[in-house]
Amino acid sequence: MTDSRPSAIRHPPSAIFLVGFMGCGKTTVGRLLAERLARRFIDLDDWIVQRAGKSIARIFAEDGEEHFRRLESELLREVVKEPDAVISLGGGAFVSEANRRVVKECGVSVWLDCSLDVILKRLEGASDRPLNTSPERLRDLLESRLPSYSQVDVRIDANQAAPTNLVEEIITQLRRAIDYHMMIGEVNES
Ligand code: S3P
């Protein structure tokens with residue numbers, strides 16, 4: 001596990017964003033984390049489905065991926081207005097620089113980092129994700145997104161641990177990151 005020190009964590013961070021590829025457990029872990037911290041859980045994909053009035057698969061099929069990405073960015077700007085939430089982002093949301101800026105401004109980001117092998121196992125037979133068309137496509141997509149994912153504040157190895165353990169790990173890392181930021185802030189101020 002890397003010790004990724006954030007450059008500019010706001011204290012206290014208002015929103016906690018879960019970032020990562022399809023199948024890395026953002027929704028499961030996000031729900032548990034929200035429960036543990038007595039926060040509201042928001043799944044950005046759910047907001048998109050609600051707003052569009054149709055499933056993500058249908059949005060992709062009928063309106064195209066570009067339209068989906070526009071909705072994703074638009075609704076990200078809406079969900080960040082919800083106070084003290086844990087927000088799970090779809091696997092492609094953190095790829096856009098504009099979206100990353102919104103996330104940085106509104107809270108702290110946590111990447112649930114999973115290897116391709118684990119992702120492929122978890123997504124095997126799952127037909128609800130329009131981009132899950134072949135293992136090769138998933139491999140290329142994951143590889144192309146790693147530089148974006150690595151810009152998060154905190155990286156968590158999400159390959160093996162049970163969701164409840166991941167929640168504790170996230171809390172520990174966030175505490176450390178926030179303490180570190182405060183310490184650096186104090187040093188800079190003196
Ligand atoms: C996508 C991931 C999906 C969903 C959409 C596109 C992506 O969310 O937003 O199918 O581009 O990786 P999950 O990561 O929650 O599966």
Side-chain angles (χ1 to χ4, degrees), residues 15-35 39-80 82 85-103 106-107 109-159 163 166-167 170:
I16 300 173
F17 297 91
L18 291 185
V19 171
F21 205 71
M22 294 170 257
C24 70
K26 290 165 298 196
T27 304
T28 308
V29 173
R31 259 184 224 294
L32 289 170
L33 181 65
E35 213 171 278
R39 281 171 167 248
R40 178 174 176 196
F41 175 68
I42 295 174
D43 188 317
L44 181 57
D45 281 345
D46 287 349
W47 278 51
I48 297 170
V49 168
Q50 285 242 332
R51 181 63 53 89
K54 50 183 156 183
S55 70
I56 289 178
R58 272 187 61 201
I59 301 173
F60 269 69
E62 294 170 12
D63 312 308
E65 182 172 351
E66 248 181 65
H67 178 75
F68 172 80
R69 296 299 168 200
R70 268 197 302 276
L71 267 180
E72 190 174 51
S73 298
E74 197 181 304
L75 290 177
L76 172 64
R77 282 171 174 76
E78 267 188 47
V79 295
V80 295
E82 300 296 318
V86 171
I87 302 172
S88 161
L89 301 181
F94 206 67
V95 175
S96 142
E97 198 191 334
N99 289 351
R100 284 201 300 272
R101 215 173 310 124
V102 172
V103 168
C106 299
S109 51
V110 177
W111 173 20
L112 298 185
D113 186 8
C114 269
S115 72
L116 179 66
D117 284 352
V118 168
I119 287 166
L120 291 180
K121 258 185 223 129
R122 288 190 192 160
L123 294 184
E124 209 177 284
S127 57
D128 53 338
R129 290 173 171 98
L131 297 179
N132 178 17
T133 51
S134 73
E136 293 73 27
R137 183 161 193 209
L138 291 177
R139 181 199 59 210
D140 293 347
L141 208 50
L142 175 63
E143 213 171 288
S144 71
R145 288 177 175 179
L146 292 178
S148 303
Y149 293 158
S150 57
Q151 293 180 48
V152 289
D153 296 310
V154 169
R155 186 187 79 90
I156 299 287
D157 182 337
N159 284 299
L166 290 176
V167 165
I170 291 170

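Computed over heavy atoms, backbone and side chain alike; hydrogens, waters and symmetry mates excluded. Since the structure is predicted, the reported quantities are computational estimates derived from the model, not experimental observations. We count ligands from 1, going down the list as the structure has it; atoms in each ligand are counted the same way.
- Closest to atom 3 (C) of ligand 1 among all protein heavy atoms lies D45 OD2, 3.6 Å.
- N99 places a side-chain N or O within donor-acceptor distance of the main-chain N or O of A93, the cut-off being under 3.5 Å.
- Taking every non-hydrogen atom of I56 and a distance limit under 4.0 Å, the qualifying atoms of ligand 1 come out as 5 (C), 10 (O).
- A donor-acceptor pair is defined here as one N or O able to donate and one able to accept, closer than 3.5 Å; no such pair exists between the side chain of Y149 and the backbone of R155.
- Side-chain atoms of N159 never come within 3.5 Å of backbone atoms of V118 as a donor-acceptor pair (strictly under, hydrogens ignored).
- Summarising the local packing, CD of E136 is surrounded by more than 12 heavy atoms from other residues, nucleotides or ligands at distances under 6.0 Å.
- Applying the 4.0 Å criterion to heavy atoms of R129 picks out, from ligand 1, the atoms 16 (O).
- Heavy atoms from other residues, nucleotides or ligands lying under 6.0 Å from NZ of K121 number 12 at most.
- Distance from atom 14 (O) of ligand 1 to its nearest protein heavy atom, with residue and atom name: K26 NZ, 2.5 Å.
- Of all atoms in ligand 1, numbered sequentially from 1 with element shown, those under 4.0 Å from a heavy atom of G90 are 8 (O), 9 (O), 14 (O).
- Under 4.0 angstrom from ligand 1, the non-hydrogen atoms of M22 come from both its backbone and its side chain.
- Scanning the protein heavy atoms around atom 12 (O) of ligand 1, the nearest turns out to be R145 NH1, 2.6 Å.
- Of all atoms in ligand 1, numbered sequentially from 1 with element shown, those under 4.0 Å from a heavy atom of L131 are 7 (C), 11 (O).
- Backbone and side-chain nitrogen or oxygen atoms of G91 are examined, and one is located within less than 3.5 angstrom of a nitrogen or oxygen of ligand 1.
- Residue contacts with ligand 1 include R69, since one or more of its heavy atoms lies under 4.0 Å from the ligand.
- Which parts of ligand 1 touch P130 is read off a 4.0 Å heavy-atom cut-off, strictly below it: atoms 10 (O).
- Crowding of E82 atom CD: a count of heavy atoms from other residues, nucleotides or ligands under 6.0 Å exceeding 12.
- At a threshold of 4.0 Å, the pair E65-R69 counts as salt-bridged, since one of the basic side-chain nitrogens sits closer than that to a carboxylate oxygen.
- Between the side chain of R40 and the main chain of V86, no donor-acceptor pair closer than 3.5 Å is present.
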